[in-house]
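Right, one structure below, let's go through it.
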Amino acid sequence: MKKIFILLLLTFSILTQAQELKKPSEGKAMVYFTRMDAVGFLINFKYFDGEKYLGKFNYGKYLAYECEPGKHVFWSKSENSDFVEADLEPNKIYILDSQPQMGAFKAGVKLVPFNNDPASYKNEKKYNRIKTRMLESITSGKSYFISAEDIKEAAKDEEDLIKKIMEKYNNKKSENEPITQLPKEMFFE
């Protein structure tokens, strides 16, 4: 009986939190960048969509990014850079978690897409735990917002970095190095 109550409470909690996620405008896609793990909590990770600078934030915040559906190369920069190739569908929500990695001088970053298929995890309990933590990082976190004017200004400062990292991405592609994929069917429900 206790297990059934806990399962119902968890299900209600997940459904309530899911209702709080901002949905994309009609015909657009929404990508949430989160930071569930507090390791390196003071370190800002920078976020990009190809050559477009999106902003930077640390633990306890998230970024809701509305964009055109289709193919994208999302990447994050800290001590290292990490890439995710995405193919987004219109009117869908996707979540990329920024997981801190051990670095030599500061935390590195790894972008990990949330897979809404419980079978992709070791068991349903792990899936439910990750989904709950992911949603909590959005619903209890602070939304990171940067004005269009500030993005333009910051993007000027990041021009050299963007060129260098996009060159690194293209080299990885040409050498057939593995790049994390976010296929269109991995949207959040």
Does atom [atom1] ([X]) have a neighbourhood of more than 12 heavy atoms from anything else shown, all under 6.0 Å?
| X | atom1 | answer |
| --- | --- | --- |
| E177 | CD | yes |
| N123 | CG | yes |
| E51 | CD | no |
| K56 | NZ | no |

Worksheet item: Looking only at side chains, do K168 and S81 share a donor and an acceptor under 3.5 Å apart?
Response: yes
Discussion item. For D37 and Y59, which I'm curious about, is there any donor-acceptor pair between the side chains at under 3.5 Å?
Written reply: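 No.
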Worksheet item: Between K46 and E158, is there a side-chain N and carboxylate O pair less than 4.0 Å apart?
Response: yes
Do the side chains of [Y] and [X] get nearer than 4.5 Å, heavy atoms only?
| X | Y | result |
| --- | --- | --- |
| N58 | I43 | no |
| L96 | V84 | yes |
| M186 | N116 | no |
| L161 | Y53 | no |
| P24 | I93 | yes |
| K122 | Y127 | no |
| M30 | K23 | no |
| F74 | V31 | yes |

Donor-acceptor pair, [X] side chain versus [Y] backbone, under 3.5 Å?
| X | Y | answer |
| --- | --- | --- |
| D87 | P183 | no |
| S98 | T34 | yes |
| D82 | L111 | yes |
| D49 | K52 | no |
| Y94 | E89 | yes |
| Y121 | N115 | yes |
| Q181 | I179 | yes |

Discussion item. Against E85, only a single residue in K184, K172, K173, K71 fulfils salt bridge (Lys or Arg N to Asp or Glu O under 4.0 Å); can you say which?
Written reply: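 Single salt bridge (Lys or Arg N to Asp or Glu O under 4.0 Å) partner of E85 among K184, K172, K173, K71: K173.
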Worksheet item: Do R35 and F45 meet the cation-pi criteria used here (NZ or CZ under 6.0 Å from the six-membered ring centre, within 45° of the axis)?
Response: yes
Discussion item. Which label fits F57 and Y47: parallel for a plane angle under 30°, tilted from 30 to 60°, or perpendicular past 60°?
Written reply: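 Because their plane-to-plane angle is under 30°, the rings of F57 and Y47 count as parallel.
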Discussion item. Does the plane of the ring in Y62 sit parallel, tilted or perpendicular to the ring in Y32? Use 30° and 60° as the thresholds.
Written reply: tilted
